[in-house]
Amino acid sequence: MGQMRRTKIVDLLQSKEFGKQIIVKGWVRTKRGNKQVNFIALNDGSCIHNIQIVVDVPDFDENLLKRITTGASVSINGELIESQGSGQSVEIKAKTIEVLGECDPEKYPLQPKKHSLEFLREIAHLRFRTNTFSSITRIRHAMIFAVHKFFTEKGFYNIHTPIITASDAEGAGEMFQVTTLNMDSVPRTEEGKIDFSEDFFGRSTNLTVSGQLEGELAAMAMAEIYTFGPTFRAENSNTSRHLSEFWMIEPEMAFYDLDDNMDLAEEFLKFLIQYALDNCMDDLLFLSKRLQEEEKNKKADERSMELIEKLRFVMENDFVRLTYSEAIDILKNSKPNKKGKFNYPITGFGSDLQSEHERYLVEKHFKKPVILTDYPKEIKAFYMKLNEDGNTVRAMDVLFPQIGEIIGGSQREESYEKLTGRMQEMDIPEKDMWWYLDTRRYGSVPHSGFGLGFERLMLFVTGMSNIRDVIPFPRAPKTAEF
RNA sequence: UCCCUAGUAGCUCAGUUGGUUAGAGCGGCGGACUGUUAAUCCGUAGGUCGUAGGUUCGAGUCCUACCUGGGGAGCCA
């Protein structure tokens, strides 16, 4: 006969099989009690809730009980019983307890008290053991799963695009170089430049800043594809909304125009949010309480909308769609612009929108998610489809309250002539892009796509305010610990 | 990268116009309590005041540089 298997706490808490012998394993959150009875709050990551272990002190060795401290791991053999206390309905009466791993309370940094998110960031290897980060971890998993579920149900194919790339023409930002050259003695050409022909790939390579271009290649045969992979930006940006390494979802669809693209983006975001509401309610309730607790000292008008209410609000409202030019008109005539409240006053067509402008549109003017379209070509990427006016491109940015741009996308330029024309204007070398241009040479079709920053979605769904708290081990300038 | 701001006990913070021996709460440890809910009550230990210079009779406190955290901006997802 094999050993009895452990039961997960999430299942025990829903069980009504009182009297049943079970094994539960996990990590001690707190222990309290007196000489007669001890209570251990045990968590195993299967849900936000702990299960209470009741220990009749006289039945156990004093030295064993002393080793059960906050953070210690234990295996407990006991009986599932109906709780006599008021805080829970089921609990476990311990028969035998084994301490799997001790945890020195003098040294263990996580104690049963409030810790700041900043402090927990410094001990990211341990922060999974807190309620906040175990909730975020479960929601993150649910969102990853929901992304694949959404696209699978729509008949999209997932494509793994390369992480190492030799193309630096994507124009999406500074790149991390990938090399095996000896940095102490770099090979040089006769002109004194670094000789990348000696490098591992025989050419200069970097980490990807986007899988879009390769995604387009796949879409030109598979029709509807998506990527979901790591993305690297070497920009020295130090904000609560940027990471050097983050995860991005990039669908690319043949035969979609910009309106189809917007429809898909809105449906996608709503699907993900609904999935969280349907599957992560315990964790959302906890994060909602946490947020309200954190903001209780703020003035009423500075507090965020209650988390679940906010998620439902997005579900129930259509996103506002308007063009860049219409947005400029609204901003130009807005109170803050007329009163000189903007740091960057709106003068007219052509100026890029600053985050203060985006926030005004989303949070003050429309008070709901906004999709801006048809930006001036000068401030957007070369591959976006040129409108008939010759000045604007069929771009779209989805703007969310609090986090700003959550999605950026466009209809792509399918005309070979127009695309190469734009590349020349923007000094993008055609020579290196021959494979991309082949899609426009052979069977080109209208197509569209967008990129969703996964951690930005996580910010919105969890209500967290710093992006470094919604990815397990954040990578940012001067930050690569763990 | 720029602007603002902070760094004092394991954590969160207080520390007066520069002045004798740097405080509190939480957490830890010891004790009390027959069912507790981040338990409660009593007691107790714990600090090279971010680092390096400087001003001063005297610096946690003032000045300079640097490091690190946080907020904002730019770049973007």
Side-chain angles (χ1 to χ4, degrees), chain A residues 29-41 49-58 66 69-71 81 83-88 91 93 103-123 130-131 170-174 209-212 228-250 265 293 342-344 352-356 358-359 379-381 397-400 403-409 450-460 465-471 476-479 481:
Chain A
R29 287 294 176 78
T30 62
K31 186 181 76 165
R32 52 182 174 266
N34 51 49
K35 278 204 172 105
Q36 278 67 41
V37 62
N38 277 185
F39 301 97
I40 300 167
H49 305 292
N50 304 323
I51 196 155
Q52 174 154 287
I53 313 294
V54 184
V55 182
D56 274 333
V57 174
K66 269 196 166 166
T69 59
T70 297
I81 58 171
S83 178
Q84 299 166 36
S86 58
Q88 58 283 317
E91 60 192 19
K93 183 145 172 112
C103 187
D104 184 349
E106 296 271 5
K107 292 178 184 156
Y108 186 56
L110 284 173
Q111 291 299 336
K113 69 177 295 281
K114 249 187 195 156
H115 292 293
S116 66
L117 295 171
E118 291 83 359
F119 172 65
L120 293 172
R121 234 167 268 155
E122 290 169 14
I123 50 165
T130 65
N131 285 332
E170 286 156 14
E174 294 294 310
V209 292
S210 163
Q212 180 197 316
F228 188 172
T231 310
F232 307 89
R233 305 268 167 97
E235 233 92 53
N236 189 13
S237 54
N238 247 299
T239 81
S240 55
R241 290 180 301 281
H242 290 84
L243 290 166
S244 308
E245 176 184 289
F246 63 100
W247 290 72
M248 189 155 63
I249 298 137
E250 296 179 285
E293 182 72 15
F342 285 143
N343 290 321
Y344 298 85
D352 206 353
L353 295 184
Q354 307 295 320
S355 44
E356 60 180 348
E358 296 179 349
R359 270 206 309 275
I379 58 176
K380 289 290 178 186
D397 283 1
V398 181
L399 309 177
F400 261 36
I403 49 178
E405 187 180 343
I406 194 168
I407 279 180
F450 60 81
L452 168 73
F454 184 65
E455 283 75 19
R456 295 217 175 143
L457 171 82
M458 284 294 299
L459 282 179
F460 187 76
S465 49
N466 193 314
I467 202 162
R468 297 176 190 198
D469 293 333
V470 296
I471 188 168
K478 299 272 167 13
T479 304
E481 191 70 275

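Per chain, numbering begins at 1; letters A, B, ... match sequence-line order.
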Using whole Å, what does the distance between atom [atom2] of nucleotide [N] and atom [atom1] of [X] come to?
X: A/I379; N: B/rC76; atom1: CD1; atom2: C1'; answer: 13 Å
X: A/K113; N: B/rG27; atom1: NZ; atom2: C1'; answer: 6 Å
X: A/H242; N: B/rG71; atom1: NE2; atom2: C1'; answer: 15 Å
X: A/N466; N: B/rG72; atom1: CG; atom2: P; answer: 9 Å
X: A/K478; N: B/rU68; atom1: NZ; atom2: C1'; answer: 11 Å
X: A/N238; N: B/rA73; atom1: CG; atom2: P; answer: 13 Å
X: A/K31; N: B/rC29; atom1: NZ; atom2: P; answer: 9 Å
X: A/N236; N: B/rC76; atom1: CG; atom2: P; answer: 15 Å

Given [options], identify the nucleotide with an atom nearest to the side chain of [X].
X: A/S355; options: B/rA77, B/rG74, B/rA39; result: B/rG74
X: A/Q88; options: B/rA73, B/rU37, B/rA77; result: B/rU37
X: A/E106; options: B/rC29, B/rG27, B/rC33; result: B/rC29
X: A/M248; options: B/rA77, B/rC75, B/rA32; result: B/rA77
X: A/S237; options: B/rA77, B/rG74, B/rG30; result: B/rG74
X: A/S116; options: B/rU12, B/rG35, B/rA73; result: B/rU12
X: A/T239; options: B/rC76, B/rG74, B/rG35; result: B/rG74
X: A/N34; options: B/rU34, B/rC76, B/rG69; result: B/rU34

Are any of [X]'s side-chain N or O atoms less than 4.0 Å away from OP1 or OP2 of [N]?
X: A/R241; N: B/rC75; result: no
X: A/K114; N: B/rC26; result: no
X: A/S240; N: B/rG72; result: yes
X: A/R121; N: B/rG70; result: yes
X: A/T30; N: B/rA39; result: yes

Counting the atoms with a prime plus P, OP1 and OP2 as sugar-phosphate, which does [X] contact under 4.0 Å by heavy atoms, base, sugar-phosphate, or nothing?
X: A/P109; value: nothing
X: A/G85; value: base
X: A/I403; value: nothing
X: A/G33; value: base
X: A/I249; value: nothing
X: A/F400; value: nothing

Verify stack between A/F246 ring and B/rA77 base, 5.5 Å, 30 degrees: yes
Stepwise side chain to side chain contact (heavy atoms under 4.5 Å, CB included) test for A/K31 and A/T69: CA-CA 7 Å; A/K31 186 181 76 165; A/T69 59; over 6 Å; no
Is any N or O donor-acceptor pair between the side chain of [X] and the base of [N] shorter than 3.5 Å?
X: A/R32; N: B/rC33; result: no
X: A/Q111; N: B/rG10; result: no
X: A/E91; N: B/rG35; result: yes
X: A/H115; N: B/rC11; result: no

In whole Å, measure the gap between the [atom1] atoms of [N] and [M] for me.
N: B/rC11; M: B/rG50; atom1: P; value: 13 Å
N: B/rU8; M: B/rG70; atom1: P; value: 15 Å
N: B/rG43; M: B/rA52; atom1: P; value: 38 Å
N: B/rG18; M: B/rC63; atom1: P; value: 11 Å
N: B/rG23; M: B/rC41; atom1: P; value: 24 Å
N: B/rG72; M: B/rA59; atom1: C1'; value: 32 Å
N: B/rU51; M: B/rC4; atom1: P; value: 24 Å
N: B/rG58; M: B/rU21; atom1: P; value: 15 Å

Side chains of [X] and [Y]: closer than 4.5 Å at any heavy-atom pair?
X: A/E235; Y: A/V209; answer: no
X: A/F246; Y: A/F454; answer: no
X: A/H242; Y: A/R456; answer: yes

Nearest-0.5 Å distance that lies between atom OG1 in A/T479 and atom CZ in A/R468: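 Rounded to the nearest 0.5 Å, the OG1-CZ separation comes to 5.0 Å.
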Inter-residue atom distance A/T231.OG1 - A/Q212.CD, 0.5 Å rounding: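 Rounded to the nearest 0.5 Å, the OG1-CD separation comes out at 11.5 Å.
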Between A/R32 and A/T30: side-chain donor-acceptor atoms closer than 3.5 Å: yes
Side-chain donor/acceptor of A/Q52 to backbone N/O of A/E91, under 3.5 Å: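 Between the backbone of A/E91 and the side chain of A/Q52 there is no qualifying donor-acceptor contact (under 3.5 Å).
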Backbone N/O of A/F232 and side chain of A/E245: donor-acceptor pair under 3.5 Å: no
Non-neighbouring partners of A/R359 that pass salt bridge (Lys or Arg N to Asp or Glu O under 4.0 Å), sequence neighbours left out: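 Residues passing salt bridge (Lys or Arg N to Asp or Glu O under 4.0 Å) with A/R359: none at all.
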Side chain to side chain contact (heavy atoms under 4.5 Å, CB included) evaluation trace for A/N343 with A/E356: CA-CA 8 Å; A/N343 290 321; A/E356 60 180 348; 3.7 Å; yes
Residue met sooner reading RNA chain B from 5', once A/K35 and A/Q354 are mapped to nucleotides: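 That would be A/K35.
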Pairwise 5' ranking along RNA chain B for A/P477 and A/Y108, keeping only the more 5' one: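 Between the two, 5'-proximity favours A/Y108.
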RNA chain B stem ranges, 3 or more consecutive Watson-Crick or G-U pairs under 3.5 angstrom: B:1-7 with B:67-73, B:10-13 with B:23-26, B:28-32 with B:40-44, B:50-54 with B:62-66
